[in-house]
Every structure is written in structure tokens, then in C-alpha cells.
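First comes the structure, then the notes that go with it.
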Amino acid sequence: MSELVIVVVEDEPEVRAAIVRDLESLASDLRIDEADTADDARTAIAEAGDAGDHVGLLLADHRLPGESGVDLLVALTAAPELRSIRSVLITGQAGHQDTIRAINEAGLDWYFSKPWDPDELVSVVVQQLTTYVIEAGLDPLRYVQILDGPRLLEEYARHTRPD
């Protein structure tokens, strides 16, 4: 059975561990893959696809070794098969121009500045993954307990009502 995956891209191990820890309540029902560079994130995304899993969300820091998180997000939107991945930039370093580029060129779904509020992070991740499940046409009933159940049930009912 395929899994729903979150990829967390952060080069600082302590910060990456904090993000993963804050998302721990979701980890029993979703897989959280970790990467410390844009190339590692691409590998994680490719491996998930090869396994038949669905990367629903990419949480990326802006300042990464080599390619920036914004560059990674922009590149993902250029690949038609990856455009549906929801994107969140979580950084303390992105300047005004970088943020504008992330919004305009990468279709950024959410922006967090460090330090983030853990409860808000979980809430945003749940909402973004709920949107992904709906837009990707995944079975919403499978995710009712972990994501936005009322929204998923409404979507399910909308698609199962007789015309």
C-alpha cells in the first residue's frame, strides 16, 4: 500500500530534528523523509515515486549547501509530475526577493520564519496535505483520522453523491 510522504530539507541537523519532532504526531500515519541538500531531497522524491508512494509536501529551508531551497522549489514546478507537491518554505534567512521568487515562480503554499510555532506548523502541514490528498485524487477515507477529517469527508461525499 502506498504511503503519503513529507520531505523535510534542512541542512542543520538540530533544526531538521526539531521539525521532525514537531511533526511526530503525524509520523504514525505518514512517512517523514529527511534530506540535508536539494540533491538529497530530489533523491528522496524519486525514491518515493519509484516505490509508488506520494510526496505530498516538501518542507524546505532556504539556505542549503549548493542549491537554495527556493531554487529547489522553482525546479519542482518545472517538472509536470512534481507540480502537485505542496511546498512550505521554513527559514530565517530568505530575503524579500527570495520570498517573492518562491511565491511567484514556485507557487509557494506557505512560508514560516524561524523560529516557528510547533502547533501552527502541524496545522499548516495537515491543511497542505489535506489539499494534496484531495487534488491528487487519493482515497480521502484513508486519511480522515490524521488530516482534516471534515474537509476530506465533505470531498468524499461530494464525489459519491448520485447526480
Side-chain angles (χ1 to χ4, degrees), residues 1-10 15-35 40-62 69-70 72-91 94 99 102-163:
M1 182 178 274
S2 66
E3 290 186 277
L4 187 56
V5 180
I6 301 168
V7 176
V8 176
V9 192
E10 168 62 63
V15 177
R16 190 173 56 249
I19 294 169
V20 171
R21 182 191 64 238
D22 289 345
L23 298 177
E24 192 173 48
S25 64
L26 304 174
S28 62
D29 297 291
L30 310 169
R31 191 172 81 228
I32 301 173
D33 288 349
E34 300 176 44
D40 286 346
R42 282 190 181 84
T43 298
I45 292 167
E47 288 174 353
D50 291 346
D53 296 331
H54 302 274
V55 176
L57 179 66
L58 181 72
L59 274 164
D61 184 20
H62 173 56
V70 171
L72 172 63
L73 296 175
V74 169
L76 288 180
T77 62
E81 70 279 9
L82 302 178
R83 266 189 211 133
S84 63
I85 297 173
R86 309 298 293 174
S87 60
V88 172
L89 189 65
I90 183 166
T91 187
T99 305
I103 293 167
N104 290 343
E105 294 180 37
L108 185 67
D109 295 303
W110 202 269
Y111 176 91
F112 280 102
S113 59
K114 294 177 185 174
W116 61 91
D117 175 87
D119 292 333
E120 184 182 10
L121 178 66
V122 170
S123 177
V124 166
V125 166
V126 164
Q127 292 309 312
Q128 293 304 317
L129 286 174
T130 299
T131 298
Y132 177 84
V133 166
I134 292 168
E135 289 178 355
L138 302 181
D139 177 7
L141 297 180
R142 182 171 173 201
Y143 302 102
V144 165
Q145 295 295 320
I146 189 75
L147 299 179
D148 184 344
R151 191 168 148 214
L152 289 170
L153 289 172
E154 180 181 307
E155 185 68 18
Y156 178 78
R158 196 167 61 82
H159 288 290
T160 57
R161 280 189 203 119
D163 291 331

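- The closest side-chain heavy-atom distance from Leu73 to Leu108 is below 4.5 Å.
- The CG atom of Leu58 sits 9.5 Å away from atom CG of Leu89, with the distance rounded to the nearest 0.5 Å.
- Under the side-chain contact (heavy atoms from CB on, under 4.5 Å) criterion, Ala46 pairs with no residue, sequence neighbours left out.
- The side chain to side chain donor-acceptor pair (under 3.5 Å) test applied to Arg31 returns Glu3, Asp33, Asp53, not counting sequence neighbours.
- For Ala27, the side-chain contact (heavy atoms from CB on, under 4.5 Å) test picks out Ile32, with sequence neighbours left out.
- Nearest heavy-atom pair across Ala60 and Gly69 is CB-CA, 4.5 Å.
- For the atom pair CD1 of Ile90 and CD1 of Ile19, the computed distance is 4.5 Å after rounding to the nearest 0.5 Å.
- Nearest heavy atoms, Ser2 versus Gly52: CB-O, 3.0 Å.
- Looking only at side-chain heavy atoms (C-beta outward), Ser87 and Leu76 stay at 4.5 Å or farther from each other.
- In this structure, Arg42 and Ala75 approach most closely via the heavy-atom pair NH2-CB, 3.5 Å.
- Note: Asp40 CG to Ile45 CD1 = 11.0 Å, rounded to the nearest 0.5 Å.
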Mind listing the side-chain donor-acceptor pairs of residues 130-139 below 3.5 Å, one per line with the distance, residues two or more places apart or on another chain?
unit_1: Thr130; atom_1: OG1; unit_2: Val126; atom_2: O; d: 2.7
unit_1: Thr130; atom_1: OG1; unit_2: Asp148; atom_2: N; d: 3.1
unit_1: Thr131; atom_1: OG1; unit_2: Gln127; atom_2: O; d: 3.1
unit_1: Thr131; atom_1: OG1; unit_2: Arg151; atom_2: NH1; d: 3.4
unit_1: Thr131; atom_1: OG1; unit_2: Arg151; atom_2: NH2; d: 2.5
unit_1: Asp139; atom_1: OD1; unit_2: Leu141; atom_2: N; d: 3.0

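- The closest side-chain heavy-atom distance from Tyr143 to Leu129 is not below 4.5 Å.
- Evaluated for a side chain to side chain contact (heavy atoms under 4.5 Å, CB included) with Leu59, the options Val125, Val7, Val124 yield exactly one hit, Val125.
- In Gln145, the CD atom is not crowded: 12 or fewer heavy atoms of neighbouring residues, nucleotides or ligands sit closer than 6.0 Å.
- Every residue meeting the side chain to side chain donor-acceptor pair (under 3.5 Å) condition with Glu34, not counting sequence neighbours, appears here in chain and number order: Arg16.
- Among pairs with a residue in residues 114-124, those fulfilling salt bridge (Lys or Arg N to Asp or Glu O under 4.0 Å) read Glu10-Lys114, Asp61-Lys114, at least two apart in sequence or across chains.
- At a threshold of 4.5 Å between non-hydrogen side-chain atoms, the residues Leu4 and Ile146 do not count as touching.
- Trp116 is linked by a side chain to side chain donor-acceptor pair (under 3.5 Å) to Asp22, counting only residues two or more places apart in sequence or in another chain.
- Electrostatic pairing of Arg21 and Glu24 does not count as a salt bridge here, judged by no charged N lying under 4.0 Å from a carboxylate O.
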Output, in order, the C-alpha distance, side-chain angles, deciding distance and verdict of side chain to side chain contact (heavy atoms under 4.5 Å, CB included) for Leu23 and Leu121.
-> CA-CA 8 Å; Leu23 298 177; Leu121 178 66; 4.1 Å; yes
